[in-house]
Amino acid sequence: MASDDTERVIVIESVRQRLRHLILVDQVLDLIHSIGNDQKELIRNKARNESNTAAVDLLINTVIKTPHHDGWFMEFVDALKNGGCQHAADYVEAKFPDPTEEADNDACVLFIQLMSPSLLDRLKTSDVCAHCFSEGIISKEDKENIEAEEKNSGNRKGARALLTRIVRGRPGWFSTFLKVLRDTECWPVYYELTGETQDNGKEAEPFFAGNAVTIAFLCEPLLCFTDGTDMAAAGGPKRADIVLRDYQMDAARPALEGKNIIVCLPTGSGKTRVAVYITREHLDSRRREGRSGKVVVLVNKVPLVEQHFSTEFRPFLKHAYKVERVSGDSPLKISFTEIVKKNDVIICTAQILENFLDNKDDEGVQLSDLTLIVIDECHHTKKGEVYNHIMMRYLKQKHKNVQLKKEQKKTVPIPQILGLTASPGVGGATKMDKAEEHILQICANLDAYKIMTKDNGQHKKDPYKQIASVEARQEDPFGDVIKKIMNAIHIHASLSPTCDLGSQNYEQWVVQKERKAVKDEDHKVRVCVEHLRKYNEGLQLSNTIRMWDAFGFLNKYQEEEMKKKVAPEEDEPIQITDTERFLFNLFKENKKELQTLAGQPQFENKSLSELRRIILHEFTSRDSARGIIFTRTRCSAMALSQWIQENSKFSDVGVKASYVIGGGDQSNVKPMTAAEQKDVLNKFRNGEVNLLIATTVAEEGLDIPQCNFVIRYGLVTNEIAMIQAEGRARAEDSSYTLVEVKGSAVAEKESINEYRKDMMSKAIAKIKSLSQDDYDKRIMTLQFQAIMEERVRKTKKKQKDRKSSSPSEVKFTCRGCSSHVCNGDDIQIIENMHRVNVSPHFGKLFIRKENTSLQERLLDYETNVFIACKICGQRWGSMMLFHGLEFPCLHVKNFVVAYNGKKISNCTRWNELAIQFPALDYVHHASQVVQSSDDEDTQ
């Protein structure tokens, strides 16, 4: 027995660091009856006067103190479980999670902490708390404490309490939390955590671009807290040598003199290594002068944080400097500000730095605290991007310093800037002068003294590039049936398209028709074009993937539309219009034929056959093949992966395929969770997966030296994306193949991108040929223009806010059937965020439908329902609970808004409306409920 107790104590001591951050003393202490009242009071005082972490240490010391009474261990474990600290109990019982799962969870914990300043004011605490409890990621006691905090101190304090508790849960809480945010439609927080926007399922930009979470890869470690034992001061262990090639040293030279530069070198040519060298020289130089240095390395994608930390900055700098990136091993309350203070080099996403610049709640980080900022993928430093927000602060201070100097006043220090990119692009320019202007603007935004390039010749060999063109299929009976359906809809709705069915132009035409139909209250056309858009997408898919997959896409859409027309049993049936009945019957009449044709392989598209040939060639002609296929939509990525996995010819040559797509849910296709995305990429890196099918989310940032072929499957965007995609093929003897159907204009677009790539190189050369005086003048002009534009934009925003319309001037109609819903006078706002309808008659207009995404029915005092139009089934919003009162919360995207008769059909966010709704009069509504209750009691 004694040996068992000894082993248990050893386990507890080994996980003490984790227990410090997983145990909430107040929720556990009273459940451990063997601890005397005096000792309990000492522990409580420790929590009140110092911290919960300190109190946990004292609690652990008390629990493991010998001699042990019988049952001491299980008493401690049971107290943890019953006190809402199940994850801590797992560690105490030596039920350790998988190391990868543990690392993911650790990263998610600190990620929430770092992002919390931008989440607290936007989190719908009451709704989210109730759903978190229902989903099992917080306990009943957690819920009660959060609700009490919100009631006593407001939404912000309640939100902080909620975030503090959910991160102590077992691994997997993060994806459940994202699900809760979707279920409660807390979109501002959801978008902040995923980096997603409404994109109709198409991924034109990387899902993690410009945002700390961006992504995919939400749980990728961001910052690792170490004890410093491997970081020596000057005179510590011998540092690793950094050897630069001649072209790298030439590119770095101005930065070594303290100047701001952009290093523009091709992918795979060692830009990051150059940055590491400049960083070390910068810190060494300041140390020799007796001054401290502080370097922040900014990236635009979360996976690059770990990549830069583990493969570049830490290996070369750890012997002399403290290098940090985000990890979950530190206390939740440690702020980014403290991280900056305690370390020499900090690697993080740009959004994290932006959140903490001048942050009032957490002391904040000032630009003057930093001596060097390294900006990776700096071509994103343009209007609207987070890099540019940071640099705008820099430019304002720079020009303010000029004035202070003239006035002989003390200037504010600003950091040196180092930008890294493989391609600044040309910004869509078709002429040389516009391309030059675009690149100069990026130089101005980064305050670059020069843009440094070098033809590294033999040091970087471009992949072998080829275009595989296939003939359009001669027979397409499956597509003909879809076109027959679309033409029947055209006739029914009196529509006359001017472009080819299945084209991008047709999709744009449909979108325009839908917006016009909404404004005109033409329900017939609106419903028809919604269906036409899906058929058009199905037609596009049938030209890319198997017909069977395209049929499945269309069939699922029809099933989902039918579900919308099913009303709860106690309510009247939802109206199905003649047009909707026509559309449902039209698909039903053709469904069997489509299903039959989808199973006939002789009619499959030839692109798929060509893709099969290329994949088999790559895997049979190389000793070790590893490649990426880029495709346009999530649906096609998933379908291609399934097609490869089901085809024995691929497995016979060793193909192990998987897919990676974005994490937002603004699509009919289920998004990938962060854990799923990371798992696939890790498998691709270590070779468990050797063929990755991806949307454009993977174009930037993947650094896998073994990747030796890239296929762009009918997908062409711009010259930057082309250069980035080419750069994914890092290995020697790599290939880059574009698969296109003749006549589809894909090859022509690729040729245009090649032209723009050449134009970019010439524009850079022209800029480099400018005299320094001419260059400086142009940069100065562009900087002043940018500052003035920013000032004008802010002034206009202030004026717009002041000139907001009166609520009485606004009317809302259902987007689905154009029926009148309410006026602006019926709407009040809760906590400056949630717009709720307070009209007593509003309840007669909608039905309640259970949110089927929830696994279990919630308690009657919680909400799990959304509201929909009683007439047509169009979703309007959701029910929310606020301090015991239930209100219908409206989502503006589901309505057509009109001020003074002028209709706005494409309003997606409330902040797009210049309307100041009054705050909710809670006392008035609560008194009405109480009065109604009293009347019922009297009766």
Under a 4.5 Å cut-off applied to non-hydrogen side-chain atoms, are [X] and [Y] in contact?
| X | Y | answer |
| --- | --- | --- |
| Ile779 | Leu440 | yes |
| Glu437 | Gln441 | no |
| Ile375 | Met391 | yes |
| Val386 | Thr349 | no |
| Cys348 | Val296 | yes |
| Leu193 | Leu119 | yes |
| Asp250 | Met452 | no |
| Ile261 | Leu418 | yes |

Q: Name the orientation class of the two ring planes belonging to Trp910 and Phe917 (parallel below 30°, tilted from 30 to 60°, perpendicular beyond 60°).
A: perpendicular

Q: Describe, in one word, how the ring planes of Trp187 and Tyr190 are oriented to each other, choosing from parallel (under 30°), tilted (30 to 60°) and perpendicular (over 60°).
A: perpendicular

Between [X] and [Y] (side chain of the first, backbone of the second, donor and acceptor by atom type, cut-off under 3.5 Å), is there such a pair?
| X | Y | value |
| --- | --- | --- |
| Gln248 | Val274 | no |
| Ser368 | Pro413 | no |
| Asp776 | Asp773 | no |
| Gln772 | Tyr449 | yes |
| Ser285 | Glu281 | no |
| Asn343 | Val323 | no |
| Asp376 | Val297 | no |
| Lys294 | Val340 | yes |
| Tyr387 | Asn445 | no |

Q.
Holding to salt bridge (charged side-chain N to carboxylate O under 4.0 Å, His left out), I want the full list of residues that pass it with Arg291, two or more places apart in sequence or in another chain.
A. Glu289

(Q) Test of understanding: with side chain to side chain contact (heavy atoms under 4.5 Å, CB included), list the residues that count as partners of Lys383, not counting sequence neighbours. (A) Glu789

Q. Who passes side chain to side chain contact (heavy atoms under 4.5 Å, CB included) against Asn260, sequence neighbours left out?
A. Tyr394, Gln416, Ile417, Asp447

Q: Mind running side chain to side chain contact (heavy atoms under 4.5 Å, CB included) on His438 and Lys434 for me, showing each step along the way?
A: CA-CA 6 Å; His438 168 80; Lys434 292 296 182 182; over 6 Å; no

Spacing of [X] atom [atom1] and [Y] atom [atom2] [to the nearest 0.5 Å]:
| X | Y | atom1 | atom2 | answer |
| --- | --- | --- | --- | --- |
| Leu372 | Leu283 | CG | CG | 7.5 Å |
| Leu357 | Phe336 | CG | CZ | 8.5 Å |
| Ile829 | Ile915 | CD1 | CD1 | 11.0 Å |
| Cys378 | Glu385 | SG | CD | 12.0 Å |
| Leu298 | Glu354 | CG | CD | 10.5 Å |
| Met432 | Lys766 | CE | NZ | 7.0 Å |

Heavy-atom closest contact ([X] atom, [Y] atom, distance):
| X | Y | value |
| --- | --- | --- |
| Ile764 | Pro424 | CD1-CG, 3.9 Å |
| Lys271 | Val263 | CD-O, 4.0 Å |
| Leu420 | Ala275 | CD1-CB, 3.7 Å |
| Ala350 | Ile390 | O-CD1, 3.6 Å |
| His308 | Ile347 | C-CD1, 4.1 Å |
| Gly425 | Ile439 | O-CG1, 3.5 Å |

Is it true that, when you exclude [X] itself, more than 12 heavy atoms of the residues, nucleotides or ligands shown sit nearer than 6.0 Å to its [atom1]?
| X | atom1 | value |
| --- | --- | --- |
| Lys398 | NZ | yes |
| Lys157 | NZ | no |
| Lys768 | NZ | yes |

Q. Can you check side chain to side chain contact (heavy atoms under 4.5 Å, CB included) on Ile787 and Met392, steps first, answer last?
A. CA-CA 7 Å; Ile787 292 171; Met392 185 56 66; 4.1 Å; yes

Q | Test side chain to side chain contact (heavy atoms under 4.5 Å, CB included) applied to Phe784 and Met780, step by step | A | CA-CA 6 Å; Phe784 278 125; Met780 186 73 71; 3.5 Å; yes

Q | No-hydrogen, no-angle side-chain donor-acceptor test under 3.5 Å, Tyr321 and Asp284 | A | yes

Q. What do the steps show when you test Ile373 against Leu367 for side chain to side chain contact (heavy atoms under 4.5 Å, CB included), and what is the final call?
A. CA-CA 9 Å; Ile373 298 179; Leu367 283 177; 3.9 Å; yes

Q. Any salt bridge between Asp774 and Arg778, counting N to O under 4.0 Å?
A. no

